[in-house]
Amino acid sequence: MVLLPIVIYVTNTEDFSEQPYMLLPLIAPLALLLWVFLSTWYQIANGKLKYKSGFLWGEINISDIRQLIVGETMWAGLKPALASKGIIVKYNRYDEIYIAPENNLELIEDLRSLNPTIEVIIKK
């Protein structure tokens, strides 16, 4: 994906030099991936787990979290994450979200310190 705009530009430099806006459709997917990569974070504040990854953002009341499944990847649903083997957070009655913090165990400890009733399931 990174090399495609470069290869196309090198093979047809004259057209792109005269009309540089033609590169926009080629650079847009790369810019979207870069935006998601640079803007992904998770934060615990005021009794809430806040998350942001590109255009996905929100917050979950830690008191509503009922289960954490660690080491499993969720293939469908809300995934403000960049990696596999993260944490599936189940909250409310049927809601779930997949996150992938830098350190799963630290986040679990922080969440359980605020809500000790959270059930943790570790998958290998």
Side-chain angles (χ1 to χ4, degrees):
M1 188 181 282
V2 174
L3 292 177
L4 182 64
I6 295 169
V7 169
I8 292 175
Y9 179 78
V10 169
T11 59
N12 200 356
T13 308
E14 291 177 13
D15 287 343
F16 289 112
S17 296
E18 293 171 7
Q19 302 169 344
Y21 61 86
M22 290 174 45
L23 272 174
L24 287 177
L26 297 173
I27 295 174
L30 181 62
L32 180 63
L33 285 175
L34 193 59
W35 175 42
V36 169
F37 181 75
L38 294 175
S39 72
T40 298
W41 55 263
Y42 310 103
Q43 179 183 30
I44 295 174
N46 301 325
K48 296 180 184 212
L49 171 63
K50 297 179 181 186
Y51 60 89
K52 182 173 185 331
S53 181
F55 53 86
L56 299 173
W57 56 272
E59 56 186 37
I60 301 167
N61 288 326
I62 295 174
S63 61
D64 294 339
I65 297 174
R66 44 187 187 81
Q67 188 179 65
L68 301 173
I69 302 173
V70 184
E72 191 169 310
T73 303
M74 189 169 80
W75 298 105
L78 189 57
K79 291 180 56 173
L82 298 172
S84 59
K85 303 291 184 193
I87 302 172
I88 299 173
V89 179
K90 295 188 176 199
Y91 61 101
N92 295 332
R93 188 166 182 152
Y94 299 109
D95 297 322
E96 61 185 18
I97 186 172
Y98 176 79
I99 60 174
E102 288 182 22
N103 188 324
N104 288 344
L105 296 179
E106 281 184 20
L107 183 69
I108 291 167
E109 288 175 10
D110 292 343
L111 290 172
R112 292 212 57 210
S113 69
L114 296 171
N115 181 359
T117 64
I118 296 174
E119 176 187 6
V120 178
I121 299 172
I122 299 177
K123 301 276 182 150
K124 295 207 176 191

- Task: Run the numbers on Asn115 and Thr117 for side-chain hydrogen bond (donor to acceptor under 3.5 Å, both in side chains), then give the verdict.
- Result: CA-CA 6 Å; Asn115 181 359; Thr117 64; 2.5 Å; yes
- Task: Kindly indicate, with the supporting measurements, whether the criterion side-chain contact (heavy atoms from CB on, under 4.5 Å) is fulfilled by Leu111 and Ile44.
- Result: CA-CA 8 Å; Leu111 290 172; Ile44 295 174; 3.7 Å; yes
- Message: Go through it in stages, so that I can follow the logic: the residues are Leu49 and Ile99, the test is side-chain contact (heavy atoms from CB on, under 4.5 Å), and I'd like the CA-CA distance, side-chain angles, deciding distance and then a yes or no.
- Response: CA-CA 11 Å; Leu49 171 63; Ile99 60 174; 4.1 Å; yes
- Message: Please determine whether side-chain contact (heavy atoms from CB on, under 4.5 Å) holds for the pair Ile121 and Leu68, giving the CA-CA distance in whole Å, both sets of side-chain angles, and the decisive distance to 0.1 Å.
- Response: CA-CA 6 Å; Ile121 299 172; Leu68 301 173; over 6 Å; no
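Ser53 OG to Leu38 CG: the interatomic distance, rounded to the nearest 0.5 Å, is 10.5 Å. Separation of atoms CD (Gln43) and OH (Tyr51) is listed at 14.0 Å; rounding is to 0.5 Å. Taking CH2 of Trp35 as the reference point, atom CG of Leu30 lies at 14.5 Å (rounded to 0.5 Å).
Exactly one residue among Val120, Ile87, Ile122 makes a side-chain contact (heavy atoms from CB on, under 4.5 Å) with Asn104. That residue is Ile87.
Within the structure, salt bridge (Lys or Arg N to Asp or Glu O under 4.0 Å) pairs that include any residue of residues 41-58 comprise Lys48-Glu59 (at least two apart or interchain).
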Only distances under 3.5 Å count here; give the side-chain donor-acceptor pairs of residues 73-80 to other protein atoms, sequence neighbours excluded, each with its distance to 0.1 Å.
residue	atom	partner	partner atom	Å
Thr73	OG1	Lys85	N	3.0
Lys79	NZ	Met74	O	3.1

Anything under 3.5 Å between a donor and an acceptor, one on a side chain of residues 89-97, the other on a protein residue two or more places apart or in another chain? List them.
residue	atom	partner	partner atom	Å
Asn92	ND2	Asp95	OD2	3.0

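Residues Leu107 and Asn103 are not in side-chain contact: their nearest non-hydrogen atoms beyond the backbone lie 4.5 Å or more apart.
The closest donor-acceptor contact from the side chain of Arg66 to the backbone of Glu119 lies at 3.5 Å or more, if one exists at all. In this structure, Ser39 contributes its side chain and Gly54 its backbone to a donor-acceptor pair below 3.5 Å. Remark: the backbone N or O of Phe37 is not paired with any side-chain donor or acceptor of Thr40 at under 3.5 angstrom. The backbone N or O of Ala100 sits less than 3.5 Å from a side-chain atom of Tyr42, completing a donor-acceptor pair.
Taking hydrophobic clusters as Ile, Leu, Val, Met, Phe, Trp and Tyr residues chained together by side-chain heavy-atom distances below 4.5 Å, Ile60 shares a cluster with Phe55. Connection of Leu34 to Leu82 is established within a shared hydrophobic cluster, with ILVMFWY side chains joined at heavy-atom distances below 4.5 Å, either directly or through further cluster members. Placement of Leu105 and Ile88 in two distinct hydrophobic clusters is found when ILVMFWY residues are connected by side-chain heavy-atom separations under 4.5 Å, directly or transitively. Two different hydrophobic clusters hold Leu32 and Ile27 under the rule that ILVMFWY side chains link at heavy-atom gaps under 4.5 Å. Tracing side-chain contacts under 4.5 Å through hydrophobic residues (I, L, V, M, F, W, Y), one never reaches Leu56 starting from Tyr98; they form parts of separate clusters.
With a 6.0 Å radius and a threshold of 12 heavy atoms from other residues, nucleotides or ligands, Trp41 has its CH2 atom above the threshold.
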